Amino acid sequence: MSSKLFSPFKANGVTLRNRIVVSPMGQYSGDGEGNATDWHLMHLGNLSISGAGLVITEAAAVEPQGRVSPIDLGIWSDDNAEALARVLDFCRRQSDCKWGIQIAHGGRKGGVSPAWEGQLPLAEEDGGWTPVSASGLAYPGRADPIALDDAGLARVRNAFVAAALRARDLGLDVLEVHNAHGYLLHSFLTPLANNRNDAYGGDLEGRMRFPLDVFRAVREVWPQDRVLGVRISATDWAEGGWTIEDSIVFTQRLKSMGCDYITASSGGSTPEQVIPIGPSYQIPLAEAIRRETGIAVMGVGLITEPAQAEQILSEGQADLVALGRRMLFNPRWPWHAAVELNEPLAIPRQYQRCHPGMQRGDFLKPRQG
Ligand SMILES: Cc1cc2nc3c(=O)[nH]c(=O)nc-3n(C[C@H](O)[C@H](O)[C@H](O)COP(=O)(O)O)c2cc1C
């Protein structure tokens, strides 16, 4: 019997050759102006031949103060788009996997040093900035943000639209709006970061309003024959925070507005979060959202083994599996999974002879698709 993991996934006009997705992973390797560099050429080039059906590039900021660190990737300028086009052109010459991009605004978590320098707040002279957020509540240990006023809300919404148009023109197959991990859009959703008393705060309806406004505006410009998804933190894992029940309501609204899939991540709003870390720890969240809303769901979080990924899909807990750290540790994970599940490999012809089944030195016929 053929595996679910290596079965195609079709949404609108996009068909992925399998259900393995490379999860977006920030590289802190931009040039300081939001432009992709040679690191991205190597990093994404490498992942382009990984055998995954879809690679989603790291969070790309929709405006300069939407970065988390000053060397994050951006998609706010024509230069940013050109730098990404160079990387994508290169990658597309190496493989036929599909490409997605995540568009993001770091909100109150922005203006800090890169991960490997501890994500510490940076003074303006060191490249930092005053972050913006849903309200003036700071993320513990980071700078006090400025609450977005009406003009600021319009600016950010327009920045998401401009980013979507650039992504469209880059020919990307999948667009993912980053609504997770305590960044700007999530900071509107969660009571832990949103204490506004206008139409964009208060009850669930008010807190969902700005993220839904942004989604609606992006939906209007993103082509119907491609794929548009949203990554959410399905729970804050904290007292008084955003919950899985809220996520189900939010997903129902997104679905009715034309959202094609949800990625069920979690956390990021508060250092007080208590996360039950372990294999597949976020999959019950994915499963609940899929069951209650019927939307396609991408499961993510400590999926490391082919049999584990296969089980998640075959038991109907998710439609796609995204792998992050495992793909950095072993960028050939999909090849290993194919061998383990007895599936043909999407392997570049230059590397065919590394296949463990190549006893006699002859050449395999890789599955295209
Ligand atoms: C180095 C690194 C960078 C990340 N950057 C992003 C990002 O840009 N956007 C995002 O939504 N998640 C980001 N994540 C989270 C991953 O996409 C993924 O959800 C998380 O690591 C859990 O999956 P895993 O256990 O397979 O790594 C990042 C994770 C890592 C390890």
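What you see is a predicted model; the values in this text were computed from it and never measured. In what follows, residues are counted from 1 in the order of the sequence shown. One-based numbering, in listed order, for ligands and for the atoms of each.
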| task | Starting from atom 5 (N) of ligand 1, locate the nearest protein heavy atom and write down its residue, its atom name and how far away it is, to 0.1 Å. | result | Gly26 N, 2.8 Å
| note | The side chain to side chain contact (heavy atoms under 4.5 Å, CB included) partner of Val300 among Ser265, Pro24, Ser266 is Ser265
| message | Can you confirm whether the side chains of Ser50 and Trp333 place a donor and an acceptor under 3.5 Å from each other? | response | no
| query | Should the pair His181 and His178 be assigned to parallel (<30°), tilted (30 to 60°) or perpendicular (>60°) ring geometry? | reply | perpendicular
| request: Can you sort out which atoms of ligand 1 are near Arg325, meaning under 4.0 Å from one of its heavy atoms? | output: 21 (O), 22 (C), 24 (P), 25 (O), 26 (O), 27 (O), 31 (C)
| said: At less than 4.0 angstrom from any non-hydrogen atom of Ala59, what atoms of ligand 1 do you find? | reply: 8 (O)
| request: State the CZ-CG distance between Arg155 and Asp150, to the nearest 0.5 angstrom. | output: 12.5 Å
| task | Please say whether Ala322 places an N or O atom under 3.5 Å from an N or O atom belonging to ligand 1. | result | no
| task | Taking only heavy atoms of Met25 into account, list the atoms of ligand 1 that are under 4.0 Å away from them. | result | 2 (C), 3 (C), 4 (C), 5 (N), 6 (C), 28 (C), 29 (C), 30 (C)
| field | Which of the ligand 1 atoms, numbered from 1, are nearer than 4.0 Å to a heavy atom of His178 | value | 9 (N), 10 (C), 11 (O)
| note | What one should report as the nearest heavy-atom pair of Ser187 and Ser133 is OG-OG, 3.4 Å
| Under 3.5 Å: N/O of Gly324 near N/O of ligand 1 | yes
| task | Report yes if some N/O of Ile303 lies less than 3.5 Å from some N/O of ligand 1; otherwise report no. | result | no
| task | Quick one: look at Met327 and ligand 1, take heavy-atom pairs under 4.0 Å, and tell me if it's side chain, backbone, both or neither. | result | neither
| query | Heavy atom under 4.0 Å from ligand 1: found in His181's side chain, backbone, both, or neither? | reply | side chain
| task | Could you verify whether a donor N or O on one side chain and an acceptor N or O on the other, from Glu343 and Ser3, lie under 3.5 Å apart? | result | yes
| said: With a heavy-atom distance limit of 4.0 Å, tell me whether Arg231 approaches ligand 1 through its side chain, its backbone, both, or neither. | reply: side chain
| said: Any nitrogen or oxygen of Gln27 lying under 3.5 Å from a nitrogen or oxygen in ligand 1? Just yes or no. | reply: no
| message | Give me the residue, atom name and distance of the protein heavy atom closest to atom 13 (C) of ligand 1. | response | Pro24 O, 3.0 Å
| said: Using the rule given for side-chain contact (heavy atoms from CB on, under 4.5 Å), can you reason through Lys98 versus Val174, listing the C-alpha separation, both sets of side-chain angles and the distance that settles it, and then say yes or no? | reply: CA-CA 8 Å; Lys98 301 293 186 212; Val174 175; 5.7 Å; no
| remark: Atoms of ligand 1 under 4.0 Å from any heavy atom of Val300, numbered from 1 in the order shown, are 18 (C), 19 (O), 23 (O)
| Does Asn342 CG have over 12 foreign heavy atoms under 6.0 Å away? | no
| query | Hey, what's the ring geometry for Tyr200 with Phe188, parallel, tilted or perpendicular (30° and 60° as the breaks)? | reply | perpendicular
| said: Using heavy atoms and a 4.0 Å limit, tell me yes or no: is Gly301 in contact with ligand 1? | reply: yes
| remark: The atoms of ligand 1 lying under 4.0 Å from a heavy atom of Ser23, numbered in the order shown, are 16 (C), 17 (O), 18 (C), 19 (O)
| message | Determine whether Asp169 and Arg166 satisfy the following criterion, salt bridge (Lys or Arg N to Asp or Glu O under 4.0 Å), listing intermediate values before the conclusion. | response | CA-CA 5 Å; Asp169 295 345; Arg166 289 200 166 91; over 6 Å; no
| said: I'd like to check atom 2 (C) of ligand 1 in this structure: does the protein have a heavy atom lying under 4.0 Å from it? | reply: yes
| remark: The protein heavy atom nearest to atom 11 (O) of ligand 1 is Gln102 NE2, 2.9 Å
| message | As a quick check of understanding, evaluate side-chain hydrogen bond (donor to acceptor under 3.5 Å, both in side chains) for Glu176 and Tyr261, giving each step before the final call. | response | CA-CA 9 Å; Glu176 183 170 281; Tyr261 77 90; 2.6 Å; yes
